[in-house]
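Note that ligands are numbered from 1 as they come in the structure, with each ligand's atoms numbered from 1 the same way. Here the structure is a predicted model, which is why all the values come from computation and not from measurement. Residue indices begin at 1 and follow the sequence shown.
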Amino acid sequence: MALNLIILGPPGAGKGTQADRLAASKGIPKISTGDMLREAVKAGTEVGLRAKAIMDRGELVSDEVIIGIVEERLARADARNGFILDGFPRTVAQAQALDGVMAGRVPLIVIDIAVPEAELVRRLTSRLVCGTCGQNADPSDAQAVTTMRCGKCGNALIQRSDDNEATIRERLKVYEKNTRPLVDYYAGRPTFRSVDGAQAPDIVAAALVDAVESARAVVAGGSAL
Ligand code: ADP
Ligand code: ZN
């Protein structure tokens with residue numbers, strides 16, 4: 001049965017890191033709207049050119065553009081056996097559009113990764129990412145951090161242009177206003193789970209796997225969805 005998963009949480013919660021791990025272990029694609037937008041910026045497409053300024057201010061790209069990108073991605077063959085969405089939905093309108101797309105597909109499992117704000121700011125101001133493959137550097141990987149090279153592809157680690165203090169504050173504000181309401185949007189579903197993201201990455205990964213399995217049991221049982 002397909003695993004159709006959304007990972008919710010504020011910027012810096014570890015969504016990307018955890019989604020990468022889970023996608024690799026389950027053999028399904030990770031679909032990150034942030035990564036797709038950064039690729040569009042790099043490629044210099046029209047969407048990329050418009051998105052760059054919005055992202056650097058910490059604001060959201062329009063629902064219309066993002067929903068179009070995600071609909072097109074979810075329609076591809078490799079998403080038929082499941083997917084992990086990272087960074088989408090970020091607004092109630094996006095969540096409603098996704099529910100529309102999901103009609104007739106295996107129900108969504110929604111996992112919220114919760115982390116206190118002070119910890120988010122600390123993580124984001126010190127975060128390093130690979131400028132080539134986009135993977136987050138593991139802060140405990142001393143070799144990667146001292147050589148400033150990606151542990152996965154060996155290319156240079158950089159600080160994302162939106163990981164500066166002013167933009168981080170704005171992203172957290174935008175999260176509170178637009179994205180946190182999604183926790184209420186989904187919390188009543190029997191396939192919603194919350195995990196404590198303020199723990200070591202391995203502990204969070206284990207909690208995430210448990211949460212996914214318990215929600216999957218509900219989907220398999222077909223109860224009250
Ligand atoms: P974060 O570390 O803040 O979770 P992402 O890589 O997910 O960062 O997103 C970076 C930026 O890309 C966001 O601040 C926003 O400008 C834009 N973006 C990504 N996903 C969406 C979305 N679903 N809707 C609108 N804008 C988005
Ligand atoms: Zn890399």
Side-chain angles (χ1 to χ4, degrees), residues 6-20 30-42 47-74 83-98 101 112-115 117 119-138 141 143-145 147-182 185 197:
I6 307 176
I7 302 193
L8 287 182
K15 300 184 297 289
T17 302
Q18 297 297 339
D20 270 332
K30 174 186 97 157
I31 301 178
S32 159
T33 45
D35 287 352
M36 288 195 281
L37 291 170
R38 280 183 289 277
E39 273 158 31
V41 171
K42 252 201 230 169
V47 166
L49 293 177
R50 273 188 288 144
K52 166 90 175 121
I54 296 170
M55 293 166 79
D56 282 345
R57 288 198 300 270
E59 293 166 9
L60 295 180
V61 172
S62 78
D63 285 335
E64 195 195 340
V65 166
I66 278 287
I67 289 167
I69 290 173
V70 171
E71 279 182 349
E72 190 266 334
R73 182 66 189 82
L74 289 179
F83 54 79
I84 303 178
L85 276 169
D86 158 26
F88 181 96
R90 252 180 164 89
T91 65
V92 170
Q94 292 177 18
Q96 288 167 337
L98 180 61
V101 171
D112 182 50
I113 304 185
V115 177
E117 176 153 341
E119 171 67 7
L120 298 171
V121 174
R122 194 190 67 72
R123 288 183 187 180
L124 291 167
T125 48
S126 62
R127 171 161 76 175
L128 293 171
V129 301
C130 177
T132 305
C133 77
Q135 173 145 306
N136 285 351
D138 174 354
D141 181 346
Q143 199 196 340
V145 174
T147 59
M148 289 292 280
R149 295 273 146 195
C150 172
K152 183 175 163 194
C153 77
N155 284 295
L157 297 177
I158 57 163
Q159 183 168 49
R160 259 170 51 177
S161 62
D162 58 348
D163 279 347
N164 63 77
E165 178 110 20
T167 304
I168 290 167
R169 295 276 170 210
E170 181 62 22
R171 282 156 62 202
L172 292 171
K173 243 196 264 167
V174 167
Y175 169 80
E176 287 300 330
K177 179 164 182 274
N178 297 285
T179 311
R180 186 173 314 263
L182 291 182
Y185 182 87

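- Expressed to the nearest 10°, the angle at the Zn ion (ligand 2) joining SG in Cys150 with SG in Cys153 is 110°.
- Under the 4.5 Å side-chain criterion, counting only non-hydrogen atoms from C-beta, Cys153 is not in contact with Gln135.
- Residue contact check: Arg171 has heavy atoms under 4.0 Å from atoms 1 (P), 2 (O), 3 (O) of ligand 1.
- Here the straight-line distance linking atom CD1 of Ile113 with atom OG1 of Thr17 works out to 9.0 Å at 0.5 Å rounding.
- Per-residue contacts place Gln94 under 4.0 angstrom from the following atoms of ligand 1 (heavy atoms of the residue considered): 22 (C), 23 (N), 24 (N), 25 (C).
- Looking at Arg90, Met55, Lys52, Arg123 and measuring to atom 5 (P) of ligand 1, the nearest heavy atom belongs to Arg90.
- The protein heavy-atom contact nearest to atom 26 (N) of ligand 1 is Val61 N, 3.1 Å.
- In terms of polar-atom proximity, Gly58 is not counted as a contact of ligand 1, lacking any N or O under 3.5 Å from an N or O of the ligand.
- Within the 4.5 Å cutoff, the side chain of Ile31 has heavy atoms near those of the Met36 side chain.
- Counting only heavy atoms of the protein, atom 8 (O) of ligand 1 lies nearest to Arg160 NH2, 3.1 Å.
- Judged by distance alone, the side chain of Lys42 and the main-chain N or O of Thr132 form a donor-acceptor pair under 3.5 Å.
- At least one heavy atom of Lys15 sits less than 4.0 Å from an atom of ligand 1.
- Ligand 1 has Arg127 within reach: a non-hydrogen atom of the residue lies less than 4.0 Å from it.
- Only the backbone of Glu59 comes within 4.0 Å of ligand 1, judged by heavy-atom distances.
- Any N or O atom pair closer than 3.5 Å counts here, and Ile54 shares no such pair with ligand 1.
- Only the side chain of Leu37 comes within 4.0 Å of ligand 1, counting heavy atoms alone; its backbone N, CA, C and O stay farther away.
- Within the listing of ligand 1, atoms 19 (C), 20 (N), 21 (C), 23 (N) sit less than 4.0 angstrom from a heavy atom of Thr33.
- The two atoms that bring Ala93 and Asp63 nearest to each other are CB-OD2, 3.4 Å, heavy atoms only.
- By the criterion of a heavy-atom distance under 4.0 Å, the side chain of Ile66, and not its backbone, is placed next to ligand 1.
- Under the 4.5 Å side-chain criterion, counting only non-hydrogen atoms from C-beta, Gln94 is not in contact with Val70.
- The distance from the OG1 atom of Thr179 to the CG atom of Leu8 is 8.5 Å, given to the nearest 0.5 Å.
- The CG atom of Leu124 sits 9.5 Å away from atom CD of Glu119, with the distance rounded to the nearest 0.5 Å.
- Evaluated for a side-chain contact (heavy atoms from CB on, under 4.5 Å) with Cys130, the options Asn136, Ile158, Leu157 yield exactly one hit, Leu157.
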